[in-house]
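None of the values given here were measured: they were computed from a predicted structure. Here is how names work: the chains are called A, B, and so on, in the same order as the sequence lines, proteins then strands, and each is numbered from 1.
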Amino acid sequence: MKVLTRIGFWLLVAAIGLFSIFPFYYAVISSLRSGADLFSVAYLPERLDFSNYVAVFERQPFGTNIVNSVIVAASVVALSLALGITAAYAFGRIRFRGRSLLLMTILAVSMFPQVAVLSGMFELIRSFGLYNTLPGLILANLMLTLPFTVWVLTTFMRELPKEIEEAAFVDGATPWIVVRRIFLPLMMPAAVTTGLLAFIVAWNEFLFALTFTLTNERRTVPPAIALMSGSTAYELPWGTIMAASVIVTLPIIALVLVFQRKIVAGLTAGAVKG
Amino acid sequence: MADVVLKNVRKSFGRAHVIHGVDLAIGDGEFIVFVGPSGCGKSTLLRLIAGLEDITSGDLFIGGERVNDLAPAKRGIAMVFQSYALYPHMNVYDNMAFGLEMAKSSKAEIDAKVRAAARMLQIETLLDRKPRQLSGGQRQRVAIGRAIVRDPKVFLFDEPLSNLDAALRVQTRIEIAKLHTDTRATMIYVTHDQVEAMTLADRIVVLNAGRIEQVGTPLDLYHRPANLFVAGFIGSPQMNFIPCTVAEAGQDGIEARLPDGGTVTVPVSSEGVRAGAAVTLGIRPDHVRLSGQGTLTGRIELVEELGENHLLYVNVGRERHLTVREPGDARHEVGQEVGLSLDGGFCHLFRETGEALPLLKPAGFPTSRPSAASTSIA
């Protein structure tokens, strides 16, 4: 019986693992094949053909697209965290009229489907003169990342013992110093987690990036991949698309692996009794 | 060094009034302890002095300067929190240096002060550790060290020992007393622990429901409580209270009639008291004597052995109980009938309003126990 339970458990683990890894695995396999091979089903790579990876960069400004994506995602993360932490301090620590109403409004913003706000956002971006620019994309993406950043960080801020802040005030710290020198280090785990999520959202964001850019040089990676064309209008360049997908997935995997170590649970241990 | 003066200080949170007009003058270098039951406003009062809460109305002076609108850091105070409130991500050295850094002291000065405080508190070897690597007692020392380095005019302690175990509490209590003798700084200490209050305080402030009930030296409060609340709050086990009526009010005191008919003459001023008035007689468990022909008789319901002495809970009828403290081991058993004698010289009398009638003896309350010779086993 015990053996059966163990076998069942591992079968379940294998099923979940297969389900989550197979699509990416198939992308990797496909990216290493070319020509007519692509249209036969194969689960193991027969030979390593990197020509697709070269083609990705040759046929379009994919390097520029990656740089654009990095700029947009990094700026979105930096802005979301800066605004999120300061907003969290206000929401978590300062009593003011309409606090919960404001929090609810922020949450409500994230409930609208992206498509619903698309045309309004387009007008907004254009009137700011940000159409077909990276700042325009950054601004639009902030609408997606700020609500959850603010909410998660506010919840976390509320959990931090109030006495630590008071001790800092008695020690002569200003609210800004408290946020920067006391709360920021304590909130690192939460900031890293939300920052990572914000990065993934901005990195994978497709609809805004597609709508608010015009030229290939200004596109981020997701629309660039979607708009890749083959040598003729009737050819879908699967190999190149797969190669591009693999390339842009790698930074995310790398980021998660790097920051996983930094998400140190229980950093607050030792602050108060216990 | 500074005195602290509160003038008609009030605090309300919205519609809830927490502090109702407190007047208090704390002398320079004095050790003041705020005691009271939970929710009496003692911590709030301390936080008002610290500047962590805004005073709703009234004035607060520290060292002669009105500080109502000054930020905590500008008031020349340092505070030790109940939960220590150390900065968890900084090591002990940085925790202690933070306040000085904020005050823009030079590196050399910070280093000298932190190391001096660490030496004083014997935490020199812990300077590189993070708070989570420290024991409760060590964290408390760091919290005190953080207060010391700022060289404050007034130290504020908010129940600093309540998270420590019993042995460590006694030790730290002694260290705080020593700190006071060494620095001669004004100290305000909040606790709900009577022993801490009695042992540490120059003067105790007893608070109840946002009002000061009495201010005085520990022995003053113990021997001459101003009202029923203070009488019941100071001293453990609690003072016994017996509702009585005044049989006769004379020059030498008041003859109080107990509910069961016996009388006790208590040497208190009888001014404004007429025969027949309802009063409450108070006597501490240490002063009730067991005797053959006592003023009261009752049945022992519970015996608690404490080693150096023991407590008897005696039911004297009508669901009323008296606590008696006797030295040594118990010589009685549950269910035994005993006689109790109440020596008027050890009793307090309180008016119906709770206010104590002033004791007639000016020299102070007798400090010895009633003579052992009169004690007999019933």
Side-chain angles (χ1 to χ4, degrees), chain A residues 81 85 88-89 92-100 153 155-195 259 261-274, chain B residues 13-14 43 47 49-53 71-92 94-105 129-136 138-140 142-143 146-147 149-150 152 154-156 158-160 162-164:
Chain A
L81 287 184
I85 284 177
Y89 179 73
R93 284 294 197 243
I94 301 167
R95 287 156 178 262
F96 56 88
R97 201 180 283 267
R99 176 168 69 169
S100 34
L153 293 179
T155 317
F156 202 84
M157 184 79 85
R158 282 195 182 145
E159 301 283 306
L160 293 177
K162 193 153 174 49
E163 277 122 340
I164 293 182
E165 183 189 2
E166 290 175 344
F169 282 142
V170 172
D171 267 347
T174 60
W176 174 239
I177 292 180
V178 170
V179 169
R180 204 167 47 89
R181 301 261 323 254
I182 309 289
F183 283 150
L184 196 60
L186 292 180
M187 292 180 60
M188 255 321 158
V192 165
T193 316
T194 46
F259 282 112
R261 295 169 171 234
K262 302 237 168 176
I263 305 173
V264 187
L267 198 67
T268 51
V272 292
K273 88 173 214 191
Chain B
F13 294 102
S43 278
R47 293 166 60 83
I49 296 172
L52 294 170
E53 305 280 357
K74 301 255 162 70
R75 297 187 179 195
I77 51 125
M79 185 152 169
V80 177
F81 292 84
Q82 179 178 8
S83 59
Y84 322 132
L86 300 177
Y87 311 125
H89 55 294
M90 298 184 190
N91 65 25
V92 170
D94 292 335
N95 259 288
M96 288 164 69
F98 188 75
L100 294 173
E101 237 177 89
M102 291 299 118
K104 307 226 169 7
S105 305
R129 302 236 194 127
K130 290 277 175 64
R132 65 171 167 276
Q133 298 164 307
L134 303 177
S135 69
Q138 289 168 333
R139 286 181 204 172
Q140 190 53 270
V142 176
R146 189 168 65 177
V149 291
R150 302 192 58 230
V154 183
F155 279 94
L156 306 175
D158 188 3
E159 307 203 16
S162 54
N163 284 339
L164 301 179

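- In this structure, the side chain of Arg47(B) does not engage the main chain of Glu53(B) through any donor-acceptor pair within 3.5 Å.
- Scanning residues 174-182 of chain A against chain B with a 4.5 Å heavy-atom cutoff picks out Ile177(A), Arg181(A), Ile182(A), ordered by number.
- Ile49(B) approaches Leu156(B) most closely through the heavy-atom pair CG2-CD2, 4.1 Å.
- Panel note: side chain Arg139(B), backbone Pro131(B); a donor-acceptor pair is recorded below 3.5 Å.
- Among Met79(B), Arg150(B), Lys74(B), the residue making the largest number of heavy-atom pairs under 4.5 Å with chain A is Arg150(B).
- Asp94(B) places no side-chain N or O within 3.5 Å of a backbone atom of Met90(B) that could act as its donor or acceptor partner.
- For Leu52(B), the part sitting under 4.5 Å from any heavy atom of chain A is the side chain, from C-beta outward, and nothing else.
- Closest heavy-atom contact between Pro152(B) and Ile77(B): CB-C, 3.7 Å.
- Heavy atoms of Ala71(B) lying under 4.5 Å from chain A are absent altogether.
- Contact record, Gly51(B) with Pro72(B): O-CG, 3.6 Å, taken as the closest heavy-atom pair.
- Side-chain atoms of Tyr84(B) and Gln138(B) form no donor-acceptor pair, as typed in the model, at a separation below 3.5 Å.
- Note: Ala73(B) leads Ala73(B), Gly136(B), Ala103(B) in heavy-atom pairs under 4.5 Å with chain A.
- Residue contact with chain A, scored on non-hydrogen atoms closer than 4.5 Å, involves the side chain of Glu101(B) exclusively.
- Within the 4.5 Å cutoff, side-chain heavy atoms of Arg146(B) are placed close to those of Tyr87(B).
- Contacts of Arg75(B) with chain A are absent, with no heavy-atom separation under 4.5 Å from either backbone or side chain.
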